[in-house]
Protein chains: 2
Amino acid sequence: MFSQSEENYLKAIFHLTTAEKKGISTNAIAEKLATKPSSVTDMIRKLSDKKVVSYKKYYGVSLTNSGRKIAANIVRKHRLWEVFLVEKLHFSWDEVHDVAEQLEHIQSPKLIQQLDHFLGFPTQDPHGDPIPDQDGNLKTIEKRLLSTLLKNEAGVCIGVDDSSSEFLKFLDKRGITLGKHIKVLEKEAFDDSLIIEINQQKMTISKKIANNLYIQKS
Amino acid sequence: MFSQSEENYLKAIFHLTTAEKKGISTNAIAEKLATKPSSVTDMIRKLSDKKVVSYKKYYGVSLTNSGRKIAANIVRKHRLWEVFLVEKLHFSWDEVHDVAEQLEHIQSPKLIQQLDHFLGFPTQDPHGDPIPDQDGNLKTIEKRLLSTLLKNEAGVCIGVDDSSSEFLKFLDKRGITLGKHIKVLEKEAFDDSLIIEINQQKMTISKKIANNLYIQKS
DNA sequence: ATAAATATTTAGACAAGTCTAAAAAATGTT
DNA sequence: AACATTTTTTAGACTTGTCTAAATATTTAT
Ligand SMILES: [Mn+2]
Ligand SMILES: [Mn+2]
Ligand SMILES: [Mn+2]
Ligand SMILES: [Mn+2]
């Protein structure tokens, strides 16, 4: 069994791991969890003793197979709870994260199995992120940042990178939600802003926004 | 804000408090929480500093108004989650307690408000216990232990005192569930066992069982 | 009213998780 | 290659919640 704190570290490492990045740095973990690097070193050592991460002093850390599975399961729980909150309890997509941060630590395999069933075995959470299956496998969805689309390319908005409440509320205000069709009408080279068409109207989008919206090209 | 441990202590004191008993003893709390009396003394002191219990050394502890409200809210959450698990996720009544012990600590007023709504504002949990309202008020239900009924008295089974998994499974096996009509046919003075009628058939019930079943007289 | 038994508190210790400050290692720059 | 900067680790401390063993207070029994 892993403590809430240990679970949070495993999840942080999981999220910081990408195809390229192998060894996750102490500082990166500290920043993600809003703790100090010295605390990270301590915890990493404990997780290493428990064989869920492999660690070489000064050269970062990575999840073992068993660690990856545990982390994926926490992500699975987080995202299933997010679906529950939005679909069943009518939370909006910007309100679910903090509650899911707590719910993801509830220990009960039956609970998650039944919840999954109750929700109709969803494959994505309210932010468009994929929900890992029981074995921790994660289906990657074909997607690109809006900022990488060229003029006259188009697609469907299927996810966000930043899922902070502020950003999501901003999107709501602009009428940008998952499933909406977006077409790039203009790209402004000067400040990398875009003019897009969405909901049958033109809209100017800053670089920062375009860098946080995922599009499935059509 | 209160830690999970602090919440568990408040809830334990809440449950140990009855109309008669004013000062709850250190040992009683220790037993309920499966800790040592010395740990209880430490925690009581902390809760006293936070003004949620009043405490006189050597003479037990009792909840203040603010402490009672906090405790009632935890009980409210526990019982609402139990309803959720049974009604929506198809847990049986003997499986819900341990999961609810965890879920009761999730902090989110909106979550509980919406859950309450989603469940249709239930007034009782799966074990027949009343669910406190938002202000911590608890409606007491008119009920008596089966063991206090006299020969030929009858009523409806509306709750259990012991809600351990073992006892509940035992009741399931005997076909004794909430809502069932029960009539006392005989009382055996020798061992205080009862012969009752339930589901159109006779059944012998030991004193121990009769002491843990609540009946609403009809 | 004493003595014995029981309940409660105190003293001191420990594990988990965190922090600050200092030391050591790795990396970047001239 | 030597020095400066950044990153990481170590050392030592602190908080929370727990425990054991010993001391003290209360209650019960004689
Ligand atoms: Mn989230
Ligand atoms: Mn999400
Ligand atoms: Mn319960
Ligand atoms: Mn219950």
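FYI, side chains are in, hydrogens and waters are out, and symmetry mates aren't considered; it's all heavy atoms of this structure. Proteins come first, then strands; the chains are lettered A, B, ... in the order of their sequence lines, and each starts at number 1. Remember, it's a predicted structure, so these values are computed and weren't measured experimentally.
Looking only at atom types and distance, the side chain of Gln4(B) has no donor-acceptor partner in the side chain of His105(B) under 3.5 Å away. For the 3.5 Å distance criterion, the side chains of Glu101(B) and His97(B) qualify, holding a donor opposite an acceptor.
Contact check on Lys187(B) versus Glu153(B) returns no salt bridge, with no Lys/Arg side-chain nitrogen under 4.0 Å from an Asp/Glu carboxylate oxygen. Between Lys208(B) and Asp162(B) there is no salt bridge, since no side-chain N of the basic residue sits under 4.0 Å from a carboxylate O of the acidic one.
Looking at heavy-atom distances under 4.0 Å, Thr26(B) makes contact with sugar-phosphate atoms alone, never a base. Residue contacts for Ser39(B): at a heavy-atom cut-off of 4.0 Å it reaches a base atom on one of the strands shown. Within 4.0 Å of Ser38(A), counting heavy atoms only, lies at least one base atom of the nucleic acid.
Checking dC19(D), dT9(C), dT18(D) against every side-chain atom of Thr41(B), the shortest atom distance belongs to dT9(C). Nearest nucleotide to the Tyr58(A) side chain, out of dT10(D), dA11(C), dT8(D): dT8(D). Comparing dT8(C), dA26(C), dT18(D) by their nearest atom to the side chain of Met43(B) picks out dT18(D).
In this structure, Met1(A) places its CE atom 16 Å from P of dA16(C), rounding to the nearest Å. Residue Glu31(B) contributes atom CD, which lies 11 Å from atom P of dA7(C) at whole-angstrom precision. For Tyr9(B) and dT18(D), the OH to P distance is 4 Å, given to the nearest whole Å. Remark: P of dT20(C) and CG of Asp42(A) are 13 Å apart, rounded to the nearest angstrom. As a whole-Å value, the separation of Asn27(A) CG from dA25(C) P is 18 Å. Rounded to a whole Å, the CD1 atom of Ile29(A) is 12 Å from the C1' atom of dT8(D).
Map Tyr59(A) and Ser3(A) each onto its nearest nucleotide of DNA chain C; the residue landing nearer the 5' end is Ser3(A).
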